[in-house]
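Below is one structure, written out as structure tokens; comments come after it.
Nothing fancy with the numbering, it's 1 onward along the sequence. Since the model is a prediction, treat every value here as computed from it, not as a measurement.
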Amino acid sequence: MGDKIPLERIDDNRWRIPQRYSDAMHVPGIVYADNELIELMLNDNALQQVANVATLPGIVGYSLGMPDIHWGYGFPVGGVAATDAENGVVSPGGIGFDINCGVRLLATDLLRDQIKGSVERLADELYRNLPSGVGGDGMRLLNEKEMKEVMTRGAGWAVEEGYGVEADLEVTEEQGCLSSANPEAVSRQAILRGMKQLGSLGSGNHFCEVQVVDHIYDPEAAQALGLNQKGQIVVTIHCGSRGFGHQIAEDYIKLAESKQQEYGFHLVDRQLACLPLQSEEGKAYLGAMACGANFAWANRQLLMHGVRQAFSSVFGRKARTKDMPLVYDVCHNIAKMEEYAIDGEMKRVCVHRKGATRAFPAGHPEVPEKYRAVGQPVLIPGDMGRYSFMLVGAPGSMEQSFGSCCHGAGRRLSRTAAKKAVGSKQLLEMLEQKGVTVRVHSKNLLAEEAPQAYKDAQQVVNVVHNAGLASLVVRLKPIVVVKG
């Protein structure tokens, strides 16, 4: 592998990397992109990584690349792959270092005009309430017993501890808990890292944003999601499992690398190191990964509590769920056992979503009852200078992409290149001119997240909408951004 990748156009939104590209590929690659996005991909190694993933033992259907795809560890970020539950593998690098990095969106009954005079104060309160920064401590320091509860019960533990209500769990993917969690499979080092970080944003691309509903594409779906008025204020939280999930990934990537020879795997990229799903090590990883996922759901639950409190103190209302209901919480960076029709028969598979979002359509039993008529909410953050989107899953996702779609805008510049392109002072001035108020823990890291470092999220969501993976519902514009 390594020659120029031959791309075959399927239609306006899809391209194929044929299996003939490499003898090692077990399935073709399929990439979602329009003309402009495919050009960006050709200048990045991400397409090579789509082809590499197609060589995984037991992979079925296709190796998929979403329109926000960019180069990542082993798998591209924006990569989706399903492996056979019986004779397939799980690749820790194919889930990623930030296990269950995800997004949750809260609605409010406030309108833009009602918060005009309070934006600065709200930004200060949110910044005060949401601990951030590299390696920073969280809102709740845990003892070992509590840490074990968080690992096994996820968001449910947080709700029981007073950080939210039962209704929050009904609109969280998996009700905020994977039951397969196995704390015995988690290293001591990971546990020690996690105990001090619950309820923290971290840094990098993680954020809390106050946004305004700027455009409604589908009034019926918007009504069902409670986002039915232009000018309505909402809040998006994007973060994951912090140092805890990172340590789990590190531990199991090392373990997988040390076992490749023993399993008889000869992979084209050592970063794809994988474990047979039916092996002791494979089962241990899935149990540890579920602990990481549950920690992330509890983490976002605490952060949401902090957001509700900030609004309560600024607007003098009680931070009740009825005033600020959770609309939905979706995760990226996770592996799930699911069933799909492959070559005409139903197959149980392990779906790796690395920087990809589940997008189940209307009528799917996993979609919360209150949204079942419209489909699973799909939250797609853009960048802090432009816009983000809410979509709902569409039937095409089940037929084409193992129930998945994109997860964000996707990087177009590396962090280093982004820092060279714009200084943090210049960036803050530019955002201020656009009416975006920023609170940031480290100004030095801010330029890495500049809008120009990202693809245009509108272009990205148009591709998944036109391909039938998910349907556009509303567009959201940022007003306040809190970052690590």
Near Glu432 CD, under 6.0 Å, is it more than 12 heavy atoms from other residues, nucleotides or ligands? no
Does atom CZ of Arg112 have more than 12 heavy-atom neighbours from other groups under 6.0 Å away? no
Would Leu178 and Ile334 satisfy side chain to side chain contact (heavy atoms under 4.5 Å, CB included), going step by step from the backbone distance to the final call? CA-CA 11 Å; Leu178 288 177; Ile334 202 156; 4.0 Å; yes
Looking at Lys196 and Asp137, does any basic side-chain N land under 4.0 Å from a carboxylate oxygen? no
Quick one: CG on Leu446 to NZ on Lys425, what's the gap to the nearest 0.5 Å? 13.5 Å
Heavy atoms from other residues, nucleotides or ligands near CZ of Phe207 exceed 12 (cutoff 6.0 Å): yes
Counting only N and O atoms by type, is there a donor-acceptor contact under 3.5 Å from the side chain of Asn100 to the main-chain atoms of Gly240? no
Smallest separation among heavy atoms of Pro92 and Ile253, with atom names: CB-CG1, 3.7 Å
Heavy-atom pair of closest approach, residues Val436 and Val481: CG1-CG2, 3.6 Å
Of Asp113, Val480, Val213, Ile479, the one forming a side chain to side chain contact (heavy atoms under 4.5 Å, CB included) with Ile233 is Ile479
Can you see whether Thr236 engages Gln211 through a side-chain donor-acceptor pair at a distance of less than 3.5 angstrom? yes
Is there a donor-acceptor contact under 3.5 Å linking the side chains of Gln247 and Asp251? yes
Minimum heavy-atom separation for Ala453 to Ala418, with atom names? CB-CB, 3.7 Å
For His407, side-chain hydrogen bond (donor to acceptor under 3.5 Å, both in side chains) partners two or more places apart: Asp68
Classify the ring geometry between Phe244 and Phe295 as parallel (under 30°), tilted (30 to 60°) or perpendicular (over 60°). tilted
When you compare the side chain of Pro377 with that of Val330, does any pair of heavy atoms fall below 4.5 Å? no
For the residue pair Cys291 and Pro183, what are the closest heavy atoms and their distance? SG-N, 3.6 Å
Using the side chain to side chain donor-acceptor pair (under 3.5 Å) rule, pick out the option among His332, Arg242, His206 that qualifies with Asp98. His206
Is there a donor-acceptor pair under 3.5 Å between the side chain of Gln400 and the backbone N or O of Leu469? no
Ion pair Arg348/Glu339, N-O distance below 4.0 Å: no
What residues, two or more places apart in sequence or in another chain, satisfy side-chain hydrogen bond (donor to acceptor under 3.5 Å, both in side chains) together with Arg128? Glu125
Where is the tightest heavy-atom contact between Val464 and Cys405, given as atom of each residue plus distance? CG1-CB, 4.2 Å
May I ask you to say whether Glu449 pairs ionically with Arg411, meaning some side-chain N is under 4.0 Å from a carboxylate O? yes
Between Tyr32 (side chain) and Asn13 (backbone), is there a donor-acceptor pair under 3.5 Å? no
Just to verify, what does Tyr371 make a ring-ring contact (aromatic ring centres under 6.0 Å, His included) with, not counting sequence neighbours? none
Please list all pairs meeting salt bridge (charged side-chain N to carboxylate O under 4.0 Å, His left out) that have one or both residues in residues 360-381, counting only residues at least two apart or in different chains. Arg358-Glu366
Apply side chain to side chain contact (heavy atoms under 4.5 Å, CB included) to residues Val349 and Met337 and explain how you reach the verdict. CA-CA 6 Å; Val349 292; Met337 304 306 289; over 6 Å; no
Taking NZ, NE, NH1 and NH2 as the nitrogens, is one of them in Arg439 or Glu120 under 4.0 Å from a carboxylate oxygen of the other? yes
Non-hydrogen side-chain atoms of Asn462 and Val460 separated by less than 4.5 Å: no
Can a donor-acceptor pair be found, under 3.5 Å and without considering hydrogens, that links the side chain of Asn299 to the backbone of Ser200? yes
With Asp109 via salt bridge (charged side-chain N to carboxylate O under 4.0 Å, His left out) - residues at least two apart: Arg317
Whether Arg412 engages the ring of Tyr454 as a cation-pi pair (distance to the six-membered ring centre under 6.0 angstrom, angle to the ring normal within 45°) should be assessed. no
Can a donor-acceptor pair be found, under 3.5 Å and without considering hydrogens, that links the side chain of Gln459 to the backbone of Asp456? no
Looking only at atom types and distance, does a side-chain atom of Asp218 sit under 3.5 Å from a main-chain N or O of Val473, one as donor and one as acceptor? no
Within the side chain of Asp168, is there an N or O that forms a donor-acceptor pair under 3.5 Å with the backbone of Gln301? no
Does the salt bridge (charged side-chain N to carboxylate O under 4.0 Å, His left out) test come out yes or no for Asp124 and Arg121, once each step is laid out? CA-CA 5 Å; Asp124 289 339; Arg121 194 171 148 226; over 6 Å; no
Give a yes or no on whether the backbone of Gly133 and the side-chain of Lys483 come within a donor-acceptor separation of less than 3.5 Å. no
Pair Arg300 + Asp329, salt bridge at N-O below 4.0 Å: yes
Can you see which heavy atom on Val103 is nearest to which on Leu379, and at what distance? O-CD1, 3.2 Å
ring-ring contact (aromatic ring centres under 6.0 Å, His included) against His441, all qualifying residues, sequence neighbours excluded: none
Ring-plane angle category for His215 and Tyr217, please: parallel below 30°, perpendicular beyond 60°, tilted otherwise. perpendicular
Should we say atom CD of Gln458 is surrounded by more than 12 heavy atoms from elsewhere, each under 6.0 Å from it? yes
